[in-house]
S.K.: 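Below you'll find the structure I mean.
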Amino acid sequence: MMCTTCGCGGNHPHTHTHVDENGNLITHTHEHHEHQHGESDLHSHDAAVGTERAIAIEEDILSRNNAVANENRDYFRQKHILALNFVSSPGSGKTELLCATIKAAGEKLTISVIEGDQQTSNDAERVRATGVQAHQINTGKGCHLDAEQVRHALGHMQLSDNSVLFIENVGNLVCPAEFDLGEAHKVVILSVTEGEDKPLKYPDMFRASDVMIINKVDLLDYVNFNIEACEEYARRVNPKIRILRVSSTKGDGLDKWITWLEAQKTLASL
């Protein structure tokens with residue numbers, strides 16, 4: 001599923017949808033290019049689609065996604081699997097954190113990973129090198145994972161009961177906030193090499209997340225990042241969000257992160 005509402009503004013093919021006179025759902029994909037036109041030059045399909053119709057289509061997409069997400073969630077509950085949706089912007093260190101978590105957890109947790117990227121299997125290969133099962137999903141031009149993609153991946157995996165499944169989403173702080181995958185929690189990762197105001201710029205993601213991990217704290221002395229302000233901004237958006245400070249490379253804070261994972265896995269096993 002390609003997201004049609006992310007508003008990324010990039011110079012790449014994009015998709016939009018409308019309903020024709022016979023009630024058929026029509027999807028157009030074409031190259032984005034800059035052009036100017038007057039009122040008489042407006043595209044007929046743009047004029048034909050009203051705001052209410054566009055909202056109805058988007059709600060239908062999300063409704064169908066949520067139905068599959070609930071099926072995924074039932075599957076996880078039956079097998080007592082703790083499923084976590086890892087979300088962040090590109091370069092936050094999600095995969096490095098996953099690898100560090102697997103090594104730090106040792107035999108305490110049985111871990112599997114679903115990797116979401118637009119292209120390549122690089123991250124899945126990095127995770128497999130730690131000795132755990134990893135399934136790669138390539139979304140092409142898609143900017144997020146959806147519940148159906150996760151369900152399909154589950155059909156190719158052998159997940160143990162009472163285990164932990166990490167779903168590493170495509171690097172994007174916008175679209176993944178809307179799409180439930182069936183996870184127990186969204187975990188948003190923010191590195192100190194990004195701006196501390198990310199929670200204010202992308203409030204939907206931080207509002208939807210139960211945990212925020214501030215990663216790469218070993219670099220705090222070398223970057224202009226106000227960690228206290230970042231935490232305050234996150235709590236302003238989501239007063240209940242749990243915040244952990246971590247260095248994936250140095251190991252700082254990993255013990256608290258593993259403790260939280262163990263507690264959540266225990267709850268999932270009940």
S.K.: With sequence neighbours left out, which residue pairs that include part of residues 214-223 fulfil the salt bridge (charged side-chain N to carboxylate O under 4.0 Å, His left out) condition?
M.R.: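 Sorted result for residues 214-223: empty, none.
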S.K.: With rounding to the nearest 0.5 Å, note down the distance linking NZ in Lys94 to CG in Asp123.
M.R.: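 Going from NZ on Lys94 over to CG on Asp123, the span is 8.0 Å.
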S.K.: Quick one: which residue pairs count as a ring-ring contact (aromatic ring centres under 6.0 Å, His included) with a foot in residues 182-219, not counting sequence neighbours?
M.R.: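 Sorted pair list: His185-Trp260.
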S.K.: With a cut-off of 6.0 Å (strictly less than), are more than 12 heavy atoms of other residues, nucleotides or ligands near CG of Asn224?
M.R.: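 Count not over threshold, so no.
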S.K.: Filter on salt bridge (charged side-chain N to carboxylate O under 4.0 Å, His left out), then keep only pairs touching residues 227-239, sequence neighbours left out; what's left?
M.R.: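 Those involving residues 227-239 are Glu228-Arg245, Glu231-Arg245, Glu232-Arg236.
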S.K.: Tell me every residue that passes salt bridge (charged side-chain N to carboxylate O under 4.0 Å, His left out) with Asp204, counting only those two or more places apart in sequence or in another chain.
M.R.: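 For Asp204 the salt bridge (charged side-chain N to carboxylate O under 4.0 Å, His left out) partners, ignoring immediate neighbours, are Arg207.
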S.K.: Look at the rings of Phe179 and His144 and say which category their plane angle falls in: under 30° parallel, 30 to 60° tilted, over 60° perpendicular.
M.R.: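 The arrangement is parallel - the two ring planes meet at less than 30°.
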S.K.: Output every pair passing salt bridge (charged side-chain N to carboxylate O under 4.0 Å, His left out) with a member in residues 98-115, not counting sequence neighbours, ordered by first then second residue.
M.R.: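 The answer is none; no pair qualifies.
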S.K.: Are Arg151 and Glu148 within salt-bridge range, i.e. N to O under 4.0 Å?
M.R.: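 A salt bridge links Arg151 with Glu148.
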S.K.: Between Ile114 and Glu168, is the side chain to side chain contact (heavy atoms under 4.5 Å, CB included) condition met? List the steps.
M.R.: CA-CA 6 Å; Ile114 293 176; Glu168 183 176 351; over 6 Å; no
S.K.: Sort and list the pairs that fulfil ring-ring contact (aromatic ring centres under 6.0 Å, His included) and have at least one residue in residues 87-135, not counting sequence neighbours.
M.R.: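 ring-ring contact (aromatic ring centres under 6.0 Å, His included) check on residues 87-135 returns His135-His156.
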S.K.: Do Ser209 and Asn238 have side chains that approach each other closer than 4.5 Å (heavy atoms only, starting at C-beta)?
M.R.: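 The answer is no, as the side chains (C-beta and beyond) never meet within the 4.5 Å cut-off.
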